[in-house]
Structures are given as C-alpha cells and as structure tokens.
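One structure is given here, and the rest of the page talks about it.
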Amino acid sequence: MMKKSLEITPNLEPLFGTRDENLRLMEDGLSVRIDLKSDAVQVEGPQEGLARVERIFQDYEHLRRNGVNLHNGELNGMLRLVVADSSVTLRGLVESGRQRSAGIKRMVQPRSLNQRHYVEAIEQTDMVFGIGPAGTGKTYLAVAMAASALLAKKVSRIVLVRPAVEAGERLGFLPGSLQEKVDPYLRPLYDALYDLLEPERVDKMLERNVIEVAPLAFMRGRTLNDSFIIMDEAQNTTSEQMKMFLTRLGNNSKAVITGDVTQIDLPNPRKSGLIEAMGVLEGVDGIRFIHFEDGDVVRHHLVQRIIRAYDSFGRAQQELPLGIPATEETRTSLKPQ
C-alpha cells in the first residue's frame, strides 16, 4: 500500500463532484482511498491506482487551463469510462468528442461503456442496432453522429424515420397537411436536431431536404445513397417493414436502428420486426448490435430508478395468475407451502 499527496488548487474542486461523488467513483473503481486535506488530496492504494488518479487530476487541470469546463453530469460519465478502462484518459475522451462535434452546439460524448461501444460501432460499421430502455441516449447519440457526418461531408443528407404505429400508419383522418399530420410522431427526432444544431440551420436543411424527417411508410421503393439513415422506435415495425427499411441502404450510406423491446405498441408484440431482426441478423458481418441497460440512462437520475422499479414490478407480475394484483400478501400466499 502506497501513499501519495496531490496538491489542490481552488480550480480543481469541481472535479470532486456533488458531495464528492467523483472521488468515491475513483475510490471504488481504482481500489484507492482518497482523503481531502486543507491544501492537498491524499491518496492511498496500489501503485497503478495512484498513477491513474494522478493522471485524472493532471488531465482535468490541463483541460481547465485550455478552457474546457465540464459540467458535473458530463464529467461523471467520462470518469466512469476512464475508471472502467485503463487505456482511456480524460484528455483522450475530450479530444475525440471535439472531433465528433465540429460545428455542433454540444460535445458528442458517450457517458457509459455501452454508449462508447455504440458511438464506436457507428463510426466503424455501416449498420448498427441500438437496443435498450428509454433515456439511454440511443436516438440522441445517433442523431448527433449523423449531424457530425453531414457537417464533415461524409454524407450528403440525413434521413430520420419512425413508424407512426399509434395512428396505424393511416394518417388520412388526422386534420392538417401531410407534414402537420406526421410531425407529432417525429417530434423526438426534431428535438434532438434542434438541441444539437442552431435552429436556423436545421430549418434551412429541412427546407432544402438535406435533412428529411418522415414516417417509415414513405421509405418504400426508395434507395438511399450517400445518406445517414436513422430509424427510431424500431420495436413498432412489422417484419415486412423492417426488411423493407433495411434494404433501402444504398452506396456510401449508414443506418442506425434504435428501439426498446419492452415498449412495443403493435397489436401482436411477438410480430415486432426488431425482435425478428435480432434473431435473423445476429452474427451477420458488417452489422453490430449494442444492448443498453438501465445503468446507461443519462436523463434525470430518477429515470434510472423508475426503469428498475418497473422491471421489478414486471417480474413480480409474471409470477402471478392473470388478474391477481402483485402485492406482498398475494406473492406470499401463492408461494408453494
């Protein structure tokens, strides 16, 4: 067991996190003990752990001096990656995030190991499936990578699609123009675009059809070349729609398919095209599947707890006969004696 003292400057305190959560993260992940003194941070632990903590402090100071100020949620997510993988550094993450974020309002930065695998898969592969619960960044990161590719002139257009299953894809009875009818179903995709790019820029790109946002039914019969194509809410596609979409891929194009198999709105959930594709395409060369978990949730901290609570509730319900509420009393009474 070795000891080392790292000098504290007043500017390093944001690194500690809310209630020192980032220091606790380093302690747990790097098998060290960190004590705050009046003018120093005293670290005890194995040599490798000490060296990695020192590197984190040095990288943070270097970034701060170069005008990079990381807010706590972003910093905590990056530190999770640094702690989990000895080959990852804080500076390296920021530099790769900057390269992805040229021309974008926010730095495109994964905050969990699965998000990092997802971003890397999108960079390296022409077709990626991102599957997991709400709030794990599947859609947002895909739109961010699409915007990055467009601004870097790697593709000439972005195509964003969603199945409008809530209206049965029969939109004729809804009031308004065709665009006004489909826009409510595509709102999350617009939200991501406006969050990443200047609104005026998004509006111009939409006018010029450089960015196209459309319901999935509009993709039939098309071949999409030189495009970055994203299908959101893919769990609500039928088998036929999924096959139709996947075969739209043209030359120099990428496709990202996102979905949550726990939120299927189809009349028969077993007919989900996403579930079928997971079985049919697993192992196909050139296609990657990234599975997200509740630990990857990057929304409000309550979202992670809500997802876990519903998962527990769902498991409890499955143990009971149909129609009996899952209370502690019923679970106890129905257990074999």
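Owing to the predicted nature of the structure, the values given are computational and were not obtained by experimental measurement.
- In this structure, S5 has no side chain to side chain donor-acceptor pair (under 3.5 Å) partners at least two apart in sequence or on a different chain.
- Two residues are said to be in side-chain contact when any heavy atoms from C-beta on lie closer than 4.5 Å; L12 and F57 meet this criterion.
- The side-chain contact (heavy atoms from CB on, under 4.5 Å) search around D191 returns R187, not counting sequence neighbours.
- With sequence neighbours excluded, no residue forms a side chain to side chain donor-acceptor pair (under 3.5 Å) with K254.
- Judged as a side-chain contact (heavy atoms from CB on, under 4.5 Å), and not counting sequence neighbours, the contacts of S253 are S227, I229, L249.
- Nearest approach of Y140 to A192, heavy atoms of both residues: CD1-CB, 4.2 Å.
- Remark: N268 pairs with R270, K271 by the side-chain contact (heavy atoms from CB on, under 4.5 Å) rule, at least two apart or across chains.
- What you find for I290 and V128 is that their closest heavy atoms are CG1-CG1, 4.2 Å.
- With sequence neighbours left out, R116 forms a side chain to side chain donor-acceptor pair (under 3.5 Å) with D85, E120.
- L75 and L15 make their closest contact through CD2-CA, 3.9 Å (heavy atoms, listed as atom of the first residue, atom of the second, distance).
- Scored by the salt bridge (Lys or Arg N to Asp or Glu O under 4.0 Å) test, R98 finds no partners at all (sequence neighbours excluded).
- Listed by first and then second residue, the side-chain hydrogen bond (donor to acceptor under 3.5 Å, both in side chains) pairs that reach into residues 205-219 are R157-E212, E212-R222, sequence neighbours excluded.
- Between the side chain of Q109 and the backbone N or O of L93 there is at least one donor-acceptor pair closer than 3.5 Å.
- For the salt bridge (Lys or Arg N to Asp or Glu O under 4.0 Å) test, no residue two or more places apart in sequence or in another chain qualifies with D260.
- Heavy atoms only, all atoms of each residue included: I122 and M145 are closest at CG2-CB, 4.0 Å.
- With sequence neighbours excluded, the residues satisfying side chain to side chain donor-acceptor pair (under 3.5 Å) with E61 are R64, R65.
- Under the salt bridge (charged side-chain N to carboxylate O under 4.0 Å, His left out) criterion, no residue pair touches residues 238-249, with sequence neighbours excluded.
- Here the closest heavy-atom approach between residue L197 and residue A147 is recorded as CD1-CB, 4.3 Å.
- The shortest heavy-atom contact between L23 and I34 is O-CD1, 3.7 Å.
- Side-chain N or O atoms of N236 include none that pairs as donor or acceptor with a backbone N or O of P163 at under 3.5 Å.
- Here the side chain of R288 pairs no donor or acceptor atom with the backbone of T125 at under 3.5 angstrom.
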Note to self: Would V43 and R33 count as a side chain to side chain contact (heavy atoms under 4.5 Å, CB included) here? Give the steps.
What the structure shows: CA-CA 6 Å; V43 190; R33 177 186 169 86; over 6 Å; no
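- Put simply, the side chain of S96 gets close to the backbone of G92: a donor and an acceptor are under 3.5 Å apart.
- In this structure the side chain of E198 reaches within 4.5 angstrom of the side chain of E200, judged on heavy atoms.
- For residues 129-154, there are no salt bridge (charged side-chain N to carboxylate O under 4.0 Å, His left out) pairs, not counting sequence neighbours.
- D296 places a side-chain N or O within 3.5 Å of a backbone atom of E293 that can act as its donor or acceptor partner.
- Considering only heavy atoms from C-beta on, V41 stays 4.5 Å or farther from D35 through its side chain.
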Next item on the list: Before giving the answer on side chain to side chain donor-acceptor pair (under 3.5 Å), spell out for D203 and Y194 the whole-Å C-alpha distance, their side-chain angles and the decisive distance to 0.1 Å.
Entry: CA-CA 9 Å; D203 291 340; Y194 284 116; 2.4 Å; yes
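- A donor-acceptor pair is defined here as one N or O able to donate and one able to accept, closer than 3.5 Å; such a pair exists between the side chain of S112 and the backbone of Q115.
- For S272 and Q235, the side-chain atoms include no donor-acceptor pair closer than 3.5 Å.
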